[in-house]
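This is a predicted model, so every value here is computed, not measured. Below, all heavy atoms of this structure are taken into account, side chains as well, without hydrogens, waters or symmetry copies.
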Amino acid sequence: MRHLLRGSAAALLVLAIPAAAVCQTPLAPFTADDMLKIASISVRDMTEDGARAAVTVRRPIDNASTDHRRYGDPTYLAPARVALEIIDTRTGAKDTPFKELVNVRDAAWSRDGRRLAVLLAREAGTADAFPTTALFIWDAAGKSLTEVKPAQPIALNANLTWTPDGTSLVVALRSPELDRDARATFQRLTDGPVIVHTSAEPFLEWDLLNRSARTRSVAVLDPSTGAVRPLLPQGRISSYQVARDGSFMTVMEDVTTRTDYDTIGGTDNNLVVVDLASGDRKTLVPAKDITGLTLRWSEDGRWFAYAKRGEIFVQGIDGKPARSLTPKPKADPAEVKEPAKPGDNEKKEPEENFSPVSFSRDGARLLVTSRKGWYVLTIADGSRKLVVPMDEDEEKNPRITAIGWSPDGAAIYATWSARNQWERGIVSIDTASGALTPLVRDGRIYGGARMARDGSRFVLTVADGDRPADLYAADARLASMTRLTDLNPWLAAKVLPRSELVSYRDADGKALHGVLRYPASYEKGKKYPTVFELYETFFDNGFNARAALLTNHGYAVFHPSVNLVVGRPGEAWVKGVTSAANRLIEMGVADPDRLGVHGTSYGGYATALLITQTDRFKAAINISGKVNMVSFYTDSPRLGVRNTHAPEKSQDRVGGTLWEYPERYLEHSAVLRADRVKTPLLNITGDQDPNVPASQSREMYYALRRLGKDVEWVRYVNGGHRPPNSADESIDFERRIVAWYDKYLKAPLKKKAGTD
């Protein structure tokens with residue numbers, strides 16, 4: 001047994017029973033019911049001194065049912081019930097402002113850390129009612145909760161920002177009439193009785209409806225009286241942020257005139273500056289100059305940086321033009337270029353392209369990255385210093401992600417992990433010398449790290465890789481870490497799998513990594529039925545509930561990585577997954593005659609493609625995955641351009657439109673190669689899935705049935721992209737997955753001809 005009783009309870013048990021009679025309590029299996037009880041935590045905000053954190057804790061069982069028929073309705077809120085907790089990061093003491101589960105839309109501490117503003121959404125009581133917001137103030141000293149009655153309704157998508165003196169909040173407001181109009185539009189697009197779509201309109205109807213939630217105003221709200229003072233009139237507002245000193249606000253004002261097919265939810269925004277005292281506003285940068293750019297702001301809100309054509313530009317709110325800090329070298333027109341000589345294979349070094357990351361606290365310096373490494377740029381003169389050099393071969397570099405600058409700008413903190421093993425942690429990078437100092441480094445997973453504004457403390461999640469994460473606090477050097485939560489203590493009595501990082505090479509010889517989870521009762525030297533769960537690339541482990549369930553049923557579970565290539569993604573799955581299977585067979589873990597494969601969404605698509613190219617898998621499950629790239633191409637009305645964008649520019653990696661590469665769309669449509677499938681296939685869908693319509697699995701089901709193949713199709717009539725839509729359905733869903741594998745991977749193997 002790997003889990004032992006710990007603490008005082010264990011000690012008392014040993015003292016009360018004679019030594020000869022002491023026996024270890026057997027661990028219980030991890031079940032489908034248990035999957036719904038896993039708790040996860042999110043930090044919503046932290047005081048500037050890091051002394052208190054407002055966190056939310058969520059469990060799947062509390063949010064199992066959604067009305068997927070209302071997807072795309074701006075007036076509908078899917079369940080998001082959580083427990084709100086206030087944690088003292090110094091002592092671990094907890095306060096629970098609300099005794100019931102609530103839907104937290106936003107939470108913000110006042111500058112002095114004495115008060116927490118919490119914006120809740122209250123679900124509509126009836127089908128024809130609208131969700132509303134409620135604003136509360138929690139007093140840290142008195143541990144009291146007070147509801148604020150604002151003079152006008154706060155928008156569901158409002159952000160809460162305290163003014164520096166802590167007397168007021170900047171919020172977004174939204175008129176109930178707007179919600180009524182949005183509901184009417186939704187009903188017209190779904191219920192009719194007559195629905196007309198026309199290309200004469202500049203927007204796709206659902207695209208325009210989705211944007212309607214941006215129509216709101218911005219105001220200053222006095223929480224003591226509920227009075228509001230307008231700052232910005234009603235309009236389409238993408239985002240707003242208040243300057244550190246509270247004197248002005250920057251606003252991204254949506255001025256989009258038509259649907260953008262190049263970017264999902266693509267938006268043209270004017271950058272507007274609003275004086276908070278007078279309400280005066282001015283357009284700082286028109287949309288045409290910043291569309292498609294990601295702006296990085298200084299803490300004081302007076303500077304922003306962006307990358308354009310690989311150059312870093314900075315601009316201030318003073319209205320002066322943007323200035324390049326990394327100008328491209330200009331070609332000398334007098335320079336005569338010599339013609340290339342035969343046999344001259346010397347490659348010209350590509351230009352260095354930069355991306356901005358974050359400003360130092362004083363706004364004087366900027367962290368930027370390129371393929372050569374991390375640089376610190378000085379804003380005044382554009383000088384730059386390489387602080388973290390990178391190898392040209394990306395696979396030789398560790399994975400590093402910036403957390404933030406120290407208050408004095410002397411260091412940059414970052415998460416760090418090795419490329420070839422589970423060695424992870426947090427490092428400090430000296431901005432003067434470039435020295436990289438590991439603050440903590442081991443095999444654990446560190447996530448969501450937040451540094452207190454005064455630099456004294458960190459709050460972060462930590463997990464051992466096989467169990468869910470918990471929240472920890474640490475000092476500035478991470479020399480000591482204090483565990484603040486024990487979210488899933490009941491898991492100590494459950495059997496959980498052990499994980500291992502496995503290296504292998506695909507059919508092209510490219511080095512890849514995957515995550516293996518051993519059967520719960522693994523015995524070295526014994527071969528096990530093995531299930532491969534597909535998505536894209538896997539490296540880190542982390543708790544995986546379905547893997548825990550399958551390993552408790554005697555399966556090894558492997559999450560393989562593949563080398564996806566634009567234009568030929570289908571090849572990657574057969575090259576990478578079959579190579580991964582060979583590796584596990586070589587290790588003596590996988591039984592070559594008992595291999596299964598499944599995936600959800602993109603992983604379901606990969607699964608369907610894979611079994612048209614190989615018969616090595618004896619069972620397969622496609623969960624909400626597409627099988628026909630032609631019929632899928634434009635079949636996403638409530639998602640706008642999502643299903644055209646995916647193959648053209650993003651995840652599906654076809655690399656162009658249906659009319660540019662019709663052959664690629666056909667090659668990646670598993671249904672057109674259904675006659676090659678020899679693997680029994682289970683399709684699972686939700687009838688209300690707006691992402692991958694259930695009709696995709698219907699096509700595969702009828703094709704395989706017509707061809708006399710072994711196929712089954714399970715439909716959750718009220719389900720969405722994650723098919724189940726209740727606790728009972730979720731349990732049914734997971735049990736069906738196990739049953740399908742049990743049927744084909746655990747049944748006695750048929751003897752091969754010529755064997756005894």
Side-chain angles (χ1 to χ4, degrees), residues 44 67 70-80 102-108 117-137 147-163 168-190 203 205-223 225-242 249-256 265 267-272 274 276 279 281 638 640:
R44 305 306 296 257
D67 186 353
R70 297 279 298 279
Y71 186 93
D73 181 351
T75 66
Y76 173 71
L77 286 180
V102 290
N103 185 333
V104 178
R105 304 297 292 179
D106 198 20
V118 183
L119 183 66
L120 302 185
R122 287 175 169 160
E123 298 175 16
T126 60
D128 58 348
F130 298 93
T132 57
T133 53
L135 178 64
F136 290 85
I137 304 297
E147 182 172 4
V148 178
K149 299 292 185 180
Q152 298 178 40
I154 300 176
L156 286 166
N157 56 357
N159 304 115
L160 303 176
T161 304
W162 288 91
T163 54
S168 304
L169 288 161
V170 177
V171 299
L173 308 175
R174 182 172 166 88
S175 165
E177 286 74 20
L178 293 171
D179 287 335
R180 283 192 281 271
D181 291 343
R183 173 74 62 81
T185 301
F186 175 82
Q187 291 175 334
R188 176 177 59 80
L189 291 174
T190 52
F203 284 98
E205 292 83 353
W206 284 97
D207 188 7
L208 189 60
L209 178 60
N210 290 338
R211 293 174 187 276
S212 67
R214 299 179 186 176
T215 302
R216 46 191 178 157
S217 60
V218 180
V220 174
L221 183 149
D222 183 342
T225 64
V228 296
R229 176 172 62 86
L231 289 176
L232 198 65
Q234 181 174 291
R236 285 210 311 243
I237 300 171
S238 297
S239 64
Y240 58 95
Q241 61 180 21
V242 179
M249 173 177 65
T250 51
V251 179
M252 299 299 283
E253 182 181 56
D254 183 357
V255 293
T256 312
T267 303
D268 297 330
N269 290 301
N270 286 337
L271 176 55
V272 175
V274 181
L276 264 63
R281 52 169 287 172
R638 299 193 193 187

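- Looking at Leu221 and Leu135, their side chains come closer than 4.5 Å, going by heavy atoms from C-beta outward.
- The distance from atom CZ of Arg281 to atom CG of Asn270, rounded to the nearest 0.5 Å, is 8.0 Å.
- We find the CD-OG1 distance between Glu253 and Thr267 to be 12.5 Å, quoted to the nearest 0.5 Å.
- Within the 4.5 Å cutoff, the side chain of Arg638 has no heavy atoms near those of the Leu209 side chain.
- Using a 4.5 Å heavy-atom threshold, the side chains of Phe130 and Tyr76 count as separate.
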Without placing hydrogens or testing angles, list every side-chain donor-acceptor pair under 3.5 Å for residues 154-161, not counting sequence neighbours.
| residue | atom | partner | partner atom | Å |
| --- | --- | --- | --- | --- |
| Asn157 | ND2 | Ala213 | O | 3.0 |

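- For Arg44, there are no salt bridge (Lys or Arg N to Asp or Glu O under 4.0 Å) partners two or more places apart in sequence or in a different chain.
- Using a cutoff of 4.0 Å between basic side-chain nitrogens and carboxylate oxygens, Asp179 and Arg183 are not scored as salt-bridged.
- Looking at Tyr240, its side chain does come within 3.5 Å of a backbone N or O of Ala172 through a donor-acceptor pair.
- With sequence neighbours left out, the salt bridge (Lys or Arg N to Asp or Glu O under 4.0 Å) criterion links Arg122 to Glu147.
- Listed here is the closest heavy atom pair of Phe203 and Thr256: CZ-O, 3.4 Å.
- Pro223 and Trp162 get closest at one heavy-atom pair: CG-CZ3, 4.3 Å.
- Between Leu120 atom CG and Arg105 atom CZ the span is 10.5 Å, to the nearest 0.5 Å.
- Here the CD1 atom belonging to Ile237 is positioned 6.5 Å from the OG atom belonging to Ser217, to the nearest 0.5 angstrom.
- Between Pro230 and Ala219, the closest heavy-atom pair is CA-CB, 4.0 Å.
- Here the shortest heavy-atom pairing between Arg174 and Ala182 reads NH2-CB, 4.3 Å.
- Leu119 pairs with exactly one of Val104, Val171, Thr133, Asn103 by the side chain to side chain contact (heavy atoms under 4.5 Å, CB included) rule, that one being Thr133.
- Here CZ of Arg216 is found 11.5 Å from CD of Gln234. Values are rounded to the nearest 0.5 Å.
- Contact between Ser238 and Asn269 at its shortest, heavy atoms only, is OG-OD1, 2.8 Å.
- Nearest heavy atoms, Val228 versus Ala151: CG2-CB, 4.4 Å.
- For the atom pair OG1 of Thr225 and NZ of Lys149, the computed distance is 14.0 Å after rounding to the nearest 0.5 Å.
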Do Thr185 and Glu205 pass the side chain to side chain contact (heavy atoms under 4.5 Å, CB included) test, and can you show the C-alpha distance, the side-chain angles, and the key distance before you say yes or no? CA-CA 9 Å; Thr185 301; Glu205 292 83 353; over 6 Å; no
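- Between Leu178 and Ser212, the closest side-chain pair of non-hydrogen atoms is not below 4.5 Å.
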